[in-house]
Amino acid sequence: MKTSPLNPTEFQLDALREYIGIGVGKAAATLNSLIGRHIELKVPEISIKYPEQLKSGQSDDHDLFSFVTLGFEGNLNGNASMAFDRDSAKRLVSLLLPETEIVDTEMDAMSESTLTEVGNIVINSVMGSLSNCFSFDLNYFVPRYHEDLEGTLNESKVGETALIIGETILTVENCQIEGNIIIMFLVSDLKVLLDTWSEPSDIKYA
């Protein structure tokens, strides 16, 4: 049972979207320079959910997903993931490694390594943007590739957690790939972060 529900305002969600958007913009620039192709990354939607809501939203047909998860600790504790459904993951690998053939749903070591690199770039850019905004000091763990949502949700620290879900659209040479950025915080940490942004009408001047 939740003891500290989060009820973010539209202003707070817009602020989150802005700073996460700055991060994905930096990630797109890094990917552009690495692969020599124009890559555009956008985050049109942001939401905050609890882990049980994410679990209940899983499809009954058990769609396969590819996750890259990076844990962090410091002023904030939690983890961040870049998630692609398997079709999007295969399209992304095919664009970045055109000579790699993915058979059925299997992801070989090279494909996993490529997705891990892309996910690591996006996650580090997003967390770096948030860290700079709030002057957080964070230490990061080694990113890992996995194919189960539980692998992300079970890495939480002790305490009630909540998730920032950022829907992402990655476009490479007119091919659109959809995914999600999932950042899991302790509820108490996320509440402090959200409370940093006050509605304009709430700001008082001396």
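Predicted, not measured: the structure shown is a model, and the values here were computed from it. All heavy atoms count here, side chains included; hydrogens, waters and symmetry mates do not.
The CG atom of L76 sits 10.5 Å away from the CG atom of D137 when rounded to the nearest 0.5 Å. With values rounded to the nearest 0.5 angstrom, R17 atom CZ is found 7.5 Å from E10 atom CD. To the nearest 0.5 Å, atom OG1 of residue T168 and atom NZ of residue K42 are 12.5 Å apart. In this structure, the separation between CD1 on I48 and CG on L13 is 5.5 Å, given to the nearest 0.5 Å. Separating the CG atom in L170 from the CG atom in L41 is a distance of 4.5 Å, to the nearest 0.5 Å. Rounded to the nearest 0.5 angstrom, M82 CE and L92 CG are separated by 9.0 Å.
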Begin from the C-alpha positions of M127 and L70 and carry the test side-chain contact (heavy atoms from CB on, under 4.5 Å) through to its verdict.
CA-CA 10 Å; M127 295 307 300; L70 179 68; 5.8 Å; no
For a side-chain contact (heavy atoms from CB on, under 4.5 Å) check, start with the C-alpha distance between T69 and I182, then their side-chain angles and the critical distance, and finish with the verdict.
CA-CA 9 Å; T69 297; I182 304 171; over 6 Å; no
Dump the intermediate steps for side-chain contact (heavy atoms from CB on, under 4.5 Å) on F65 and L149, then the final yes or no.
CA-CA 8 Å; F65 281 79; L149 179 62; over 6 Å; no
Y140 vs N120, side-chain contact (heavy atoms from CB on, under 4.5 Å): CA-CA, chis, key distance, verdict
CA-CA 11 Å; Y140 299 97; N120 189 39; over 6 Å; no
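Of all heavy-atom pairs between L193 and L16, the closest is CD2-CD2, 3.9 Å. Across every non-hydrogen atom of I164 and I20, the tightest pair is CG2-CD1, 4.0 Å. Of all non-hydrogen atoms in Y50 and L6, the two that sit nearest each other are OH-N, 3.1 Å. Residue E73 comes nearest to N77 through the heavy atom pair CB-OD1, 3.2 Å, listed as atom of the first residue, atom of the second, then distance. The two residues R86 and Y145 come nearest to each other via the heavy atoms NH2-OH, 4.1 Å. In this structure, V122 and A27 approach most closely via the heavy-atom pair CA-CB, 3.8 Å.
Two residues are said to be in side-chain contact when any heavy atoms from C-beta on lie closer than 4.5 Å; L130 and I183 meet this criterion. The side-chain heavy atoms of L190 and L163, taken from C-beta on, include no pair separated by under 4.5 Å. Here the side chains of V24 and V126 are in contact, with some heavy-atom distance below 4.5 Å. Residues H38 and N32 form a side-chain contact, since some pair of their non-hydrogen atoms from C-beta on lies under 4.5 Å apart. Within the 4.5 Å cutoff, side-chain heavy atoms of C175 are placed close to those of L95.
A side-chain donor-acceptor contact under 3.5 Å links R91 and S88. Between the side chains of R144 and T116, not a single donor N or O lies within less than 3.5 Å of an accepting N or O.
In this structure, the side chain of S66 does not engage the main chain of F84 through any donor-acceptor pair within 3.5 Å. Looking only at distances, a side-chain donor or acceptor of Q12 sits under 3.5 Å from a matching main-chain atom of T9. Of the possible donor and acceptor atoms, none in the side chain of S129 sits under 3.5 Å from a partner among the backbone N and O of S125.
Other residues, nucleotides and ligands contribute more than 12 heavy atoms inside 6.0 Å of the CD atom of E112.
Tracing side-chain contacts under 4.5 Å through hydrophobic residues (I, L, V, M, F, W, Y), one never reaches I169 starting from L31; they form parts of separate clusters. Both V118 and M110 are part of a single hydrophobic cluster, where members link through side-chain heavy atoms under 4.5 Å apart.
Ring orientation note: the planes of F134 and Y19 are tilted relative to one another, at an angle of 30° to 60°.
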